[in-house]
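No hydrogens, no waters, no symmetry mates; every other heavy atom, side chains included, goes into these values. For clarity, every value in this text was computed on a predicted model and none was experimentally measured.
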Amino acid sequence: MSRTAESFSKPKHNKIMNILAEATGGKSYKAHKYPIDYADRPSIDYGDSEIIWKRRAETTQHRTYINLLGLSKKLASRDDQILSYFLDGSRRVFKVDDIAYVQSGGRSIIYPVIAGQIGVGCCHRVNKKVVPVQLKREFVLSMPDVADADGKPGFWPATAKKLSECDELKRLGIEFAAILPYKTSKNDDKKFEDRATACVQDRMIESEKKLVADLVREGKLNQNNYLVKDGSLEYRPTKEDKADKRRYQTFKNNYNWVIGVSKNFNPEVCEDINGKPNPGFIADLPLYHRTPVVEYENPMLGDIKFAVWYIRLRDKEKTRTPFDGVLKVEKILVTEEETEVGIDSEQVDTLSAYLINERNPVCYGSDLRWANHIYPIYLTESFVKSRYLSAESFLHLF
């Protein structure tokens, strides 16, 4: 029998949703399956922010833009580089079914089932070439917490294992690493889909943190070998991290040689010295200049302090919005000196000039976010996404 004919002859109960419905006592509706967030488009987040801007966070108290054109040219003429490692984490999330569970009074409530592909990868620049060094790819599911009606310890890992042992997934060499229960309590305004997506996002962030910790443990990061992470560094420490002072400091120390660069950001949180929003200060940033460094805290992340500044990589006359071509850079303030007086301004200038020099060659035309890319991050992102199953193949599993 051919493989195709064999596939069509598989019994219906071998499908993932049938196994999940049987294991959790739910009713699968075989609902329409579709990607939730697939598009890679440039965007500006104008949403609310919990970020609180505080004082200047660098040793020189700049009050206006800093020109980095000369330093960029000087560094470009030298044969050295301190931006060595590049990290990108991403996830693709899909609504794969609706499933019903009976509640008190015989009522049946229907919840979405969300599946995700998570990819976290790291590339290393060696002899002017960017090569992949690590990749972690996971398949996960997110289901309502009421699916574990009895709250049995080990229920979710056991269900994920049972799922991965089904013939169809074994034949394809696919395993589901975890089933992530999302809360169904009514004291949360978020939609169930958003709660489930947040679970997948949190899992991806934990993978990123682990990869950074691995690089630090292996002694690969230092003042001559920075890690550039795609996106914000607003990692939430765990309860275990906060409970142990030494472990908490280790968590912070892991980011001593790490900077986060964001293509999308909320310009409304940029405030002037009087504490009033001033996004125009970023929009008018001249080409190859940076803003002063500002310290901010996010109450959701504990007492961790961040330094943030913006760099313009592209001439705004040649981009579509005032914020295309502007990169947001973050660094966690780790040492006591950094916490008290801020980051050394010369270090900020050097990191910024190196980032400006990473803008070429551009991935023009192949990505709508081209103006905000730095090329090694673009390569790392492409490497991670090249390991995803196609949306059609992934959805076919359900």
Side-chain angles (χ1 to χ4, degrees), residues 45 49-68 71-72 82-83 212 216 221-223 226-237 248-286 288-313 323 326-356 374:
D45 177 10
S49 175
E50 297 294 328
I51 291 173
I52 301 170
W53 286 64
K54 295 204 168 179
R55 60 186 174 91
R56 297 276 188 261
E58 60 180 313
T59 51
T60 302
Q61 296 295 300
H62 293 294
R63 298 182 71 85
T64 187
Y65 310 120
I66 296 94
N67 187 348
L68 297 168
L71 181 59
S72 300
I82 62 172
L83 307 182
V212 173
V216 172
L221 304 184
N222 51 50
Q223 69 274 19
Y226 272 80
L227 169 69
V228 184
K229 188 255 172 181
D230 186 25
S232 174
L233 290 180
E234 291 182 26
Y235 292 140
R236 190 191 305 267
Y248 194 30
Q249 190 56 45
T250 300
F251 171 83
K252 293 182 184 177
N253 289 344
N254 282 347
Y255 300 93
N256 206 11
W257 311 111
V258 179
I259 55 175
V261 295
S262 300
K263 293 182 281 291
N264 302 322
F265 51 84
N266 181 0
E268 292 294 325
V269 301
C270 177
E271 296 179 348
D272 61 19
I273 56 174
N274 299 314
K276 295 182 178 178
N278 186 19
F281 188 67
I282 301 175
D284 293 335
L285 187 60
Y288 308 141
H289 285 59
R290 74 168 174 89
T291 64
V293 181
V294 178
E295 175 190 308
Y296 75 85
E297 292 181 30
N298 185 336
M300 300 289 289
L301 304 175
D303 65 350
I304 297 176
K305 295 178 179 177
F306 297 84
V308 61
W309 68 98
Y310 299 82
I311 306 169
R312 180 170 287 285
L313 305 178
F323 303 107
V326 176
L327 207 59
K328 176 189 172 190
V329 187
E330 285 177 324
K331 187 181 182 310
I332 291 178
L333 299 174
V334 176
T335 65
E336 286 188 15
E337 186 179 359
E338 284 184 344
T339 305
E340 289 178 7
V341 299
I343 305 176
D344 179 36
S345 292
E346 287 190 19
Q347 182 190 13
V348 176
D349 289 344
T350 302
L351 289 170
S352 303
Y354 274 120
L355 286 171
I356 288 171
I374 65 170

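Atom CD of Gln61 has more than 12 heavy atoms from other residues, nucleotides or ligands within 6.0 Å.
Residues Glu330 and Ser262 have side chains that never bring a donor and an acceptor to within less than 3.5 angstrom of each other.
Qualifying side chain to side chain contact (heavy atoms under 4.5 Å, CB included) partners for Glu346, counting only residues two or more places apart in sequence or in other chains: Asp344. With sequence neighbours excluded, no residue satisfies side-chain hydrogen bond (donor to acceptor under 3.5 Å, both in side chains) with Tyr65. Contacts of Thr250 classified as side chain to side chain contact (heavy atoms under 4.5 Å, CB included), with partners at least two apart in sequence or in another chain: Asn254. Shown here are the ring-ring contact (aromatic ring centres under 6.0 Å, His included) partners of Trp257, two or more places apart in sequence or in another chain: Tyr226. Evaluation of the side-chain hydrogen bond (donor to acceptor under 3.5 Å, both in side chains) rule for Asn256 yields no partner, not counting sequence neighbours. Qualifying ring-ring contact (aromatic ring centres under 6.0 Å, His included) partners for Tyr354, counting only residues two or more places apart in sequence or in other chains: none. Residues passing the salt bridge (charged side-chain N to carboxylate O under 4.0 Å, His left out) test with Arg290, sequence neighbours excluded: Glu58, Asp349. Listed by chain and residue number, nothing satisfies the side-chain hydrogen bond (donor to acceptor under 3.5 Å, both in side chains) test with Ser72 (two or more places apart in sequence, or in another chain). Applying the ring-ring contact (aromatic ring centres under 6.0 Å, His included) rule to Tyr255 yields the partners Tyr235, Phe251; only residues at least two apart in sequence or on another chain are considered. Under the side-chain hydrogen bond (donor to acceptor under 3.5 Å, both in side chains) criterion, Asn253 pairs with Gln249, sequence neighbours left out.
Here the side chains of Leu351 and Ile82 are in contact, with some heavy-atom distance below 4.5 Å.
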